[in-house]
K.L.:
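I have a structure I would like to understand better, so I am pasting it below and will then ask my questions one at a time.
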Amino acid sequence: MENFNLREKIIEKLSTVIDPETGVDVMRMKLVQNLVVGTDGQVTYQFRPSSPLCPIAVPLTLSIIQAIKEVPGVKGQQVTVIDYIEADQLNEILSTILNK
């Protein structure tokens, strides 16, 4: 089951996260994909940086995580970084951060 009301609030919050290289928000750039919000408040999604060598992938990922964390009702989140040269290493670090 998905929580559509919470999903809309998350999308609204993510529209305030701006990619500093383009000045466009991460939702309009379609950098956050496959966003699923469970009825239990667990959020899963993929982050696809704008290029495989994106120099700001790490801080942008952290900004996205923080924005989602600030939405009331979110109980936890799981992000998978895709199409990025350092995706495996970044996913490992993010898993550690998010599972504390």
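Predicted model, so just to flag it, every value in this text is computed and none were measured.
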K.L.:
In Å and rounded to the nearest 0.5 Å, what is the OG1 to CZ distance from Thr22 to Arg28?
P.N.:
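Rounded to the nearest 0.5 Å, the OG1-CZ separation comes out at 8.5 Å.
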
K.L.:
Specify the closest pair of heavy atoms between Ala87 and Val81, including all atoms of both residues, with the distance to one decimal.
P.N.:
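Answer, listing the atom of Ala87 first, then Val81: CB-O, 3.5 Å.
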
K.L.:
State, yes or no, whether a side-chain contact exists between Asp40 and Lys75 at a heavy-atom distance under 4.5 Å.
P.N.:
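No, side chains not in contact.
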
K.L.:
Can you confirm whether Leu98 sits close enough to Val79 that some side-chain heavy atom of one is under 4.5 Å from a side-chain heavy atom of the other?
P.N.:
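Yes, side chains in contact.
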
K.L.:
Run the side chain to side chain contact (heavy atoms under 4.5 Å, CB included) test on Glu21 and Ile56 for me, step by step, so that the C-alpha distance in whole Å, both residues' side-chain angles and the decisive distance to 0.1 Å come before the verdict.
P.N.:
CA-CA 8 Å; Glu21 291 190 322; Ile56 59 165; 3.9 Å; yes

K.L.:
Examine distances only and state if a side-chain atom of Arg7 and a backbone atom of Leu35 form a donor-acceptor pair shorter than 3.5 Å.
P.N.:
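Yes.
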
K.L.:
What distance do Tyr45 atom OH and Ile64 atom CD1 have between them, rounded to the nearest 0.5 Å?
P.N.:
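So the gap between those two atoms works out to 6.5 Å.
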
K.L.:
Considering only heavy atoms from C-beta outward, does the side chain of Met27 approach that of Ile11 to under 4.5 Å?
P.N.:
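Of all side-chain heavy-atom pairs linking Ile11 with Met27, at least one is under 4.5 Å.
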
K.L.:
Side chains of Ser50 and Met29, heavy atoms from C-beta outward: is any pair under 4.5 Å?
P.N.:
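Side chain of Ser50 against side chain of Met29, heavy atoms only: contact under 4.5 Å found.
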
K.L.:
For Val26 and Leu14, work out which heavy atoms get closest and say how close.
P.N.:
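Reported closest heavy-atom pair: CG2-O, 3.5 Å.
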
K.L.:
Considering only residues two or more places apart or on different chains, which pairs with a residue in residues 82-95 satisfy salt bridge (charged side-chain N to carboxylate O under 4.0 Å, His left out)?
P.N.:
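Not a single pair qualifies under salt bridge (charged side-chain N to carboxylate O under 4.0 Å, His left out).
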
K.L.:
Would you check if Leu90 and Val58 make a side-chain contact, meaning some heavy-atom pair closer than 4.5 Å?
P.N.:
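They are in contact (side-chain heavy atoms under 4.5 Å apart), so the answer is yes.
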
K.L.:
So Gln33 and Ile82, do their side chains get closer than 4.5 Å, heavy atoms only?
P.N.:
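Yes - at least one pair of side-chain heavy atoms lies under 4.5 Å apart.
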
K.L.:
What distance separates Lys13 NZ from Leu6 CG, expressed to the nearest 0.5 Å?
P.N.:
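Going from the NZ atom of Lys13 to the CG atom of Leu6 covers 13.0 Å.
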
K.L.:
Atom CG of residue position Leu62 - does it have more than 12 heavy atoms of other residues, nucleotides or ligands inside 6.0 Å?
P.N.:
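Result for CG/Leu62: enclosed.
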
K.L.:
Around Gln89, counting heavy atoms of other residues, nucleotides and ligands shown, do more than 12 lie under 6.0 Å from its CD?
P.N.:
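Buried by this count: over 12 neighbours within 6.0 Å.
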
K.L.:
Could you check Asp25 against Asp19 for side chain to side chain contact (heavy atoms under 4.5 Å, CB included), going step by step and ending with a plain yes or no?
P.N.:
CA-CA 6 Å; Asp25 73 78; Asp19 177 335; over 6 Å; no

K.L.:
Is there a donor-acceptor contact under 3.5 Å from the side chain of Gln77 to the main chain of Val74?
P.N.:
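Answer holds: no.
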
K.L.:
Does Gln42 have any side chain to side chain donor-acceptor pair (under 3.5 Å) partners at least two apart in sequence or in another chain, and if so, which?
P.N.:
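Per chain and number, Gln42 pairs via side chain to side chain donor-acceptor pair (under 3.5 Å) with no residue.
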
K.L.:
Rounded to the nearest 0.5 Å, what's the gap from CG on Asn3 to CD on Glu8? Could you check?
P.N.:
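Going from the CG atom of Asn3 to the CD atom of Glu8 covers 10.5 Å.
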
K.L.:
Take Leu31 and Phe47 through the side chain to side chain contact (heavy atoms under 4.5 Å, CB included) test and state the conclusion after the steps.
P.N.:
CA-CA 6 Å; Leu31 301 183; Phe47 170 62; 3.9 Å; yes

K.L.:
Does the side chain of Tyr84 reach to within under 4.5 Å of the side chain of Pro49, using non-hydrogen atoms?
P.N.:
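Counting from C-beta outward, Tyr84 and Pro49 do come under 4.5 Å.
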
K.L.:
Taking the side chain as everything from C-beta on, heavy atoms only, tell me whether Leu94 gets closer than 4.5 Å to Thr80.
P.N.:
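Not in contact.
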
K.L.:
Short question: side chain of Ser63, backbone of Pro59 - any donor-acceptor pair under 3.5 Å?
P.N.:
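Yes; at least one donor-acceptor contact below 3.5 Å.
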
K.L.:
Locate the shortest heavy-atom distance separating Arg48 from Lys30; write the atom from each residue and the value.
P.N.:
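The answer is NH2-O, 3.4 Å.
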
